[in-house]
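Atoms considered below: every heavy atom in the structure, side chains included; atoms not considered: hydrogens, waters and symmetry mates.
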Amino acid sequence: MESKIRALIKQSMLEKNKNKTITYRSILETAQKTAKKTNVSVTDDMIVSAIKNEIKQLQDLLKFCKEGSDKFIETSEKISYCEMILPKMASETELMDYLNINSVEKNMGACMKALKSEFGANMDGKIASIVAKNYINL
């Protein structure tokens, strides 16, 4: 996925699309910082996490922008660029099916650990938590 981000940066530079370039560079830099801290090479999970982080920061910024303003439009565009490259997240049904099929222990820690090991960064932690609670209460 790192090579995909690098290719998107090059493409956006050729298109002279400053917003895309800034967005993709920010994602790559965040992933590289995480990799440097853990002393490993950049993984797909790090990039997905960086994309999610970028989206969250942009959504927070969007709350302070006046709707229709240039900054609002620019921030909305950046969010859409991030969402376009974010891998498909596991659905609630997929998460619940995994827990049921594998007869995971009905314990929050065990459920979250199993889901994290199976789906990694391709799941939303909040949704996984809700699914795990529902599974435990079955």
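Here the closest non-hydrogen pair linking L95 and A128 is CD1-CA, 3.9 Å. In plain terms, the two heavy atoms of A35 and S41 that are nearest each other are CB-C, 3.9 Å. In this structure, L58 and C82 approach most closely via the heavy-atom pair CD1-SG, 4.2 Å.
Remark: E83 CD is packed, more than 12 non-hydrogen atoms of other residues, nucleotides or ligands lying under 6.0 Å away.
Checked by atom type and distance alone, the side chain of S26 never pairs as donor or acceptor with a backbone atom of T23 at under 3.5 Å. Of the possible donor and acceptor atoms, none in the side chain of N53 sits under 3.5 Å from a partner among the backbone N and O of S49. Using a distance-only test at 3.5 Å, with no hydrogens or angles considered, a donor-acceptor pair links the side chain of S80 to the main chain of E77. With hydrogens and angles ignored, the 3.5 Å screen pairs a side-chain donor or acceptor of E94 with a backbone N or O of S91. Between the S69 side chain and the C65 main chain, no donor and acceptor come within less than 3.5 Å of each other. Side chain of S129 to main chain of G125: no donor-acceptor pair is present (N/O by atom type, distance under 3.5 Å, no hydrogens or angles). A donor-acceptor contact shorter than 3.5 Å links the side chain of T34 to the backbone of T30. At least one donor-acceptor pair closer than 3.5 Å links the side chain of N107 to the backbone N or O of G109.
Contact of the M108 side chain with the I136 side chain is registered, since non-hydrogen atoms from C-beta on lie closer than 4.5 Å. The shortest side-chain heavy-atom distance between I85 and I27 falls under the 4.5 Å cut-off. Looking at heavy atoms from C-beta onward, I22 lies in side-chain contact with K78 at the 4.5 angstrom threshold. Residues P87 and M1 form a side-chain contact, since some pair of their non-hydrogen atoms from C-beta on lies under 4.5 Å apart. For the pair K71/L61, a side-chain contact is recorded, criterion being any heavy-atom separation below 4.5 Å from C-beta on.
Of the inter-residue distances, the one linking T43 atom OG1 with E2 atom CD reads 9.5 Å to the nearest 0.5 angstrom. Atoms OH and CD1, from Y81 and I51 in turn, are 15.5 Å apart once rounded to the nearest 0.5 Å. Taking CE from M123 and NZ from K116, the interatomic distance works out to 5.5 Å, rounded to the nearest 0.5 Å. Atom CG of L62 and atom CD of E74 lie 11.0 Å apart (nearest 0.5 Å). For the atom pair CD1 of I47 and NZ of K52, the computed distance is 13.5 Å after rounding to the nearest 0.5 Å. Residue N122 holds its CG atom at 12.5 Å from CG of L115, rounded to the nearest 0.5 Å.
By the 30° and 60° cut-offs, the orientation of the rings of Y98 relative to F119 is perpendicular.
Cation-pi geometry between K106 and Y135 is met: under 6.0 angstrom from the ring centre, within 45 degrees of the axis.
No path of Ile, Leu, Val, Met, Phe, Trp and Tyr side chains, each step under 4.5 Å between heavy atoms, connects I127 with L86, placing them in separate hydrophobic clusters. By the rule that hydrophobic residues join a cluster once side-chain heavy atoms approach within less than 4.5 Å of another member, M96 and I130 end up as members of separate clusters. Placement of I5 and M84 within a single hydrophobic cluster is found when ILVMFWY residues are connected by side-chain heavy-atom separations under 4.5 Å, directly or transitively. Side-chain heavy atoms closer than 4.5 Å link hydrophobic residues (I, L, V, M, F, W, Y) into clusters, and following such links, even through other members, never connects V48 to M112.
Ion pair E29/R25 not flagged as a salt bridge, since none of the NZ, NE, NH1 or NH2 atoms sits closer than 4.0 Å to an Asp/Glu carboxylate oxygen.
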Before giving the answer on side chain to side chain contact (heavy atoms under 4.5 Å, CB included), spell out for N102 and E118 the whole-Å C-alpha distance, their side-chain angles and the decisive distance to 0.1 Å.
CA-CA 11 Å; N102 293 288; E118 177 65 19; over 6 Å; no
